[in-house]
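Basis for what follows: all heavy atoms, side chains included, without hydrogens, waters or symmetry-related copies.
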Number of protein chains: 2
Amino acid sequence: MSEPKDYKIAAVDRALALLEALADRPDQGVTSLAKSLGMTKSLVFRLLHTLEERGFVSRDPERAEFALGYRIGVLGERLGKDGALLYAARPVMDALRDQTSENVNLVVREGLKTYVLATRAGRHSIRLFAQAGRNGPLHAGGGSLLLLAYADPSVIDAALSQPLEAFTPYTITDRAKLRQALERIRANGYNIVLNDLDEGAFSVAAPITGADGTIIASISVAGAVARFDEERRESHLRAALDAAAEISERLSIHGPGENGLVKSRA
Amino acid sequence: MSEPKDYKIAAVDRALALLEALADRPDQGVTSLAKSLGMTKSLVFRLLHTLEERGFVSRDPERAEFALGYRIGVLGERLGKDGALLYAARPVMDALRDQTSENVNLVVREGLKTYVLATRAGRHSIRLFAQAGRNGPLHAGGGSLLLLAYADPSVIDAALSQPLEAFTPYTITDRAKLRQALERIRANGYNIVLNDLDEGAFSVAAPITGADGTIIASISVAGAVARFDEERRESHLRAALDAAAEISERLSIHGPGENGLVKSRA
DNA sequence: AACGATGTTTCACACAATAAAACATTGAGA
DNA sequence: TCTCAATGTTTTATTGTGTGAAACATCGTT
């Protein structure tokens, strides 16, 4: 689209493409990898050799097939599960904030609480509950209810058997109504709430799917109800769903967008 | 100490060294990384750019510091915890088998059972209990007892409150004696047993430490007691301990051996 | 025994990775 | 406010190095 300048260094990029290919389908041989990536055998061989010396790929004892190496596991463990999610979400959160001009929150569940992984402050200064590192309730707030809706039934039961604090007059504390709300969230695939956690605030939340297909987090747009008309409701919802989809795609094993195989001719 | 042939492709190797450096110490800037790796700023910059485009490194919103990216987490998760251990151990197991000519087993704990991750068959054909993918008891066998010894006290209590099957006349089924044995294992830092799981077999087991410093697995040398004299007892023990240490080092965040930084200081 | 497929090695050339240095930007301190 | 120092970014020339093609070796199969 724009930049004629390409700072990518090709050899490294190809090596990373190789790793992605191995993650996507392990136990491939040199020829198979070369074919599917459009590289020559000798190149793949040397890339694999380099990666193997550092433990980033591992070869079968039978000396035939390759897979991701232990070092990837070690580094990945170092990052932690939240780290991957957080870093995958970061640029998307920035974009979502710029799009909506509202607050953006990334929230996960932690037992019977929620945990705010990161936030982006919108243009308008409004103090909301969400703040990075903070724990919150599971039964109030756009992202919280969404996470609860997609949690294991046993978690839902446990959460609903606790006392349900009313943070505002609009907080749903009736268990039957709460279960109804959860059902509607699952039917819709998103959640929109008003005033239930922070008085005067709306929240539009969308679900983020992890590599294993389960819902692992929520991203939400939040701001003052005064600015929340029908048009914004639509646009924020779409933006949140798109953002959630993009993060989910990044976290999927197939990776974002094209897998970057640069086609040379013939 | 042999092959002058170097198939490593330098650019890729440097990129991997960069990743290791970031894993070792995150939130570094271009200059700092360049200095500690002995590379030029522009090179580091372009490496980081390439890695970032694929999500293998992530930059702070404040546009200053870098860390491992989400894609590493995704690929690492794909490998699984056992995968990293298994692949790190593979070549070491091969070497250990070649050194000792005996069977080699890699075992982890799974609840109140053990799980055999991988085995290597020694030169002499002897059928032992261990077989990849198999579950075993926690109170008999060289690796099993070792894992139990280093397990959480609650796990030990739970394991000892079960009925303790006597696989051979030599299996320790007396709970007090078992606890004594565990204590001695912890004092020694290894475990040697004879005939307690497989009649006529010895087992010399050493503990493998994960990245977090806890003992996560056992590697053991096993064979027929007929071949187990005092000299072999010593050599096998040393070999097993060395192998365990090497695997542990591979799994540590600092990585195996030198981190490949070519020192050139001014 | 001959084949076909695979992994491995060699080699020469073009181009892409590299280092050096100029430039831009930021923040600190006087 | 101005200056200085440190950092990230960009440019450019040269060389070294990554690259593809093709030869070679090593299997397993028919």
> Under the 3.5 Å rule, do the base of C/dG7 and the side chain of A/Lys41 count as making a donor-acceptor pair?
yes
> According to a strict under-4.0 Å criterion, is A/Arg14 in side-chain N/O contact with OP1 or OP2 of D/dT19?
yes
> With a 4.0 Å limit, can you tell me whether B/Arg59 has a side-chain N or O closer than that to the phosphate oxygens OP1/OP2 of D/dT9?
yes
> Between B/Asp13 (CG) and C/dT18 (C1'), how many Å, whole number?
16 Å
> B/His49 has an atom NE2; how far is it from atom P of D/dT10, in whole Å?
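In whole Å, D/dT10 P and B/His49 NE2 are 9 Å from each other.
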> Could you walk me through whether A/Tyr70 and B/Tyr87 pass the ring-ring contact (aromatic ring centres under 6.0 Å, His included) check?
CA-CA 5 Å; A/Tyr70 68 93; B/Tyr87 292 160; 8.7 Å; no
> Would you mind reading off the distance between A/Glu52 atom CD and C/dG7 atom C1', rounded to a whole angstrom?
13 Å
> Nearest nucleotide by nearest heavy atom, which residue falls closer to the 5' end of DNA chain C, A/Glu65 or A/Val12?
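Looking at the nearest nucleotide for each, A/Glu65 comes out on the 5' side.
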> Side-chain contact, heavy-atom cut-off 4.5 Å: A/Phe56 with B/Leu16?
yes
> C/dT10, OP1 or OP2 - any side-chain N/O from A/Ser42 closer than 4.0 Å?
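Indeed not, no polar side-chain atom of A/Ser42 lies that close.
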> Just how far, in rounded Å, is P of C/dA17 from CG of B/Leu51?
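Distance, rounded to whole Å: 13 Å.
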> For A/Ser32 and for B/Ala11, locate the closest nucleotide of DNA chain C by heavy-atom distance; then report the residue assigned to the nucleotide nearer the 5' terminus.
A/Ser32
> Over how many whole Å does the gap from A/Met39 atom CE to D/dG18 atom C1' extend?
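Atom-to-atom, A/Met39 to D/dG18, this comes out as 12 Å.
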> Calculate the interatomic distance between A/Asp27 atom CG and C/dT6 atom P; express it in whole Å.
16 Å
> Grab the CG-P distance between A/Leu43 and D/dA22 for me, whole Å please.
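Atom-to-atom, A/Leu43 to D/dA22, this comes out as 16 Å.
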> Looking at B/Thr31, I'd like to know whether one of its side-chain N or O atoms comes within less than 4.0 Å of OP1 or OP2 on D/dA6.
no
> Considering only side-chain heavy atoms of B/Ala10, which listed nucleotide, D/dG18, C/dT6, D/dT10, is closest?
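The answer is D/dG18, which lies nearest to the side chain.
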> Would you mind telling me which of B/Ile208, B/Leu96, B/Thr119, B/Val116 makes a side-chain contact (heavy atoms from CB on, under 4.5 Å) with B/Leu106?
B/Ile208
> If the plane angle is over 60° it's perpendicular, under 30° parallel, otherwise tilted; pick one for A/Tyr7 and B/Phe45.
perpendicular
> Taking the side chain of B/Arg46 as heavy atoms from C-beta outward, which of D/dG8, C/dA19, D/dG18 is closest to it?
C/dA19
> Nearest whole Å is fine: how far is D/dG18 P from B/Lys8 NZ?
12 Å
> Verify the contact: side-chain N or O of B/Tyr7 to OP1 or OP2 of D/dG18, cut-off strictly under 4.0 Å; return yes or no.
no
> Quick check: does any side chain N or O of A/Arg250 sit under 3.5 Å from a backbone N or O of A/Ala89, one acting as donor and the other as acceptor?
no
